[in-house]
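Keep in mind that what you see is a predicted model, and the values were worked out from it rather than measured.
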Amino acid sequence: MAKAHFVLQGRGGIGKTLVAVVLAQALGHVGREPVNIDTDPVNATFSGYAALKVQRLEIMEDDEINPRSFDHLVEMIDAAKGDVIVDNGASSFVPLSHFLISNRVPSLLTEMGHQLVVHIVIAGAQSLLDTIHGFAQLARQFPPEAVFVVWLNPYYGPIEHEGKTFEQMKAYVANKDRVSAIVRLPSLKKETYGRDLAEMLQARLTFDEALALGTLTIMTRQRLKIIRDQVFGQIASAAVI
């Protein structure tokens, strides 16, 4: 069954687009080129990656989901021969989640031959509790047709609270049957690996594009290869990918 991958989270600036970008490349790396769609009404960063051929789609109107625009999104998913990735912004998190649930979209996608996969980012430091709450909220509300992939992003700080790791937290323990995979983004040394990845992302380049640049040093390309292989390896081993 093809997958409809929705990247959802109510907190901004925590790596949602990074998840969409990496996921799109990982699928393409194994010959499963996805259809990529950017519905972020404020920061349409995903659509800035020319190599990924991302389609921009406005689905919001006056702080609500425009039903006709969402209808078009469903048609785009139906027309896709394989996987679809939808990157959604923080500002439309609540209305889109509600729309998906109230209109029974997960079961509709199943009937269409697409399984809904919700990718949700958990970030550290000040974003931790908000992102944990967002995960728990979706896990409780979405029907069983939807499966979850949790992405742990330690960029802003470790994913732990009161001495507990994510897997030990109440929100995960209560909903772990909904989680099909956990992808752990690497904790990168900011002076080397972190800087190399940040510069690549700021330039809106894929790993393949960056590695083909003769202007990058040999060690910069080596570090990018290591990051790519670590994350792609985890994605490949996730049962829902």
Given the rule that I, L, V, M, F, W and Y join up when any side-chain heavy atoms are under 4.5 Å apart, are [X] and [Y] in one cluster?
{"X": "Met60", "Y": "Phe70", "value": "yes"}
{"X": "Ile235", "Y": "Ile120", "value": "no"}
{"X": "Leu185", "Y": "Tyr49", "value": "yes"}
{"X": "Val54", "Y": "Leu57", "value": "no"}
{"X": "Val7", "Y": "Ile182", "value": "no"}

Set of salt bridge (Lys or Arg N to Asp or Glu O under 4.0 Å) partners for Asp71, sequence neighbours left out:
Arg68
Checking Arg184 now: which residues fulfil salt bridge (Lys or Arg N to Asp or Glu O under 4.0 Å) with it, not counting sequence neighbours?
Glu167
Any sub-3.5 Å donor-acceptor pair from [X]'s side-chain atoms to [Y]'s backbone N or O?
{"X": "Asp38", "Y": "Phe46", "answer": "yes"}
{"X": "Gln168", "Y": "Thr165", "answer": "yes"}
{"X": "Asp78", "Y": "Val74", "answer": "no"}
{"X": "Thr131", "Y": "Leu128", "answer": "yes"}
{"X": "Arg204", "Y": "Ser47", "answer": "no"}

Test salt bridge (Lys or Arg N to Asp or Glu O under 4.0 Å) on Asp87 and Lys16; report intermediate values, then the result.
CA-CA 7 Å; Asp87 184 26; Lys16 291 188 297 297; over 6 Å; no
Atom pairs and distances, donor-acceptor, side-chain atoms in residues 145-159, under 3.5 Å, two or more places apart:
unit_1, atom_1, unit_2, atom_2, d
Trp151, NE1, His119, ND1, 3.0
Asn153, OD1, Tyr155, N, 3.2
Asn153, ND2, Ile14, O, 2.8
Tyr156, OH, Gly13, O, 3.0

[Y] and [X], any side-chain heavy atoms less than 4.5 Å apart:
{"X": "Gln9", "Y": "Asn88", "result": "no"}
{"X": "Val84", "Y": "Pro34", "result": "no"}
{"X": "Leu27", "Y": "Glu33", "result": "no"}
{"X": "Phe6", "Y": "Val117", "result": "no"}
{"X": "Lys164", "Y": "Tyr172", "result": "no"}
{"X": "Phe142", "Y": "Ile101", "result": "yes"}
{"X": "His161", "Y": "Leu129", "result": "yes"}
{"X": "Leu201", "Y": "Leu18", "result": "yes"}

Measure the spacing between CG of Leu52 and CG of Asn36 and express it to the nearest 0.5 Å.
5.5 Å
Interatomic spacing from CD1 in Ile59 to OG in Ser69 - rounded to 0.5 Å
8.0 Å
Donor-acceptor pair between Arg11 and Ser127 side chains, under 3.5 angstrom
yes
Contacts satisfying salt bridge (Lys or Arg N to Asp or Glu O under 4.0 Å) that involve residues 58-67 (not counting sequence neighbours) are Arg56-Glu58
For Asp40, all residues meeting side-chain hydrogen bond (donor to acceptor under 3.5 Å, both in side chains), sequence neighbours excluded
none
Between Ser91 and Pro41 the two heavy atoms that sit nearest each other are OG-CG, 3.2 Å
All heavy atoms of Ile77 vs all of His114, minimum pair found to be O-CE1, 3.2 Å
Contacts table for residues 189-198: side-chain donor-acceptor under 3.5 angstrom, sequence neighbours left out:
unit_1, atom_1, unit_2, atom_2, d
Arg195, NE, Glu199, OE2, 3.1
Asp196, OD2, Arg223, NE, 2.5
Asp196, OD2, Arg223, NH2, 3.2

Stepwise, does the side-chain contact (heavy atoms from CB on, under 4.5 Å) test hold for Leu116 with Thr110?
CA-CA 7 Å; Leu116 175 61; Thr110 300; over 6 Å; no
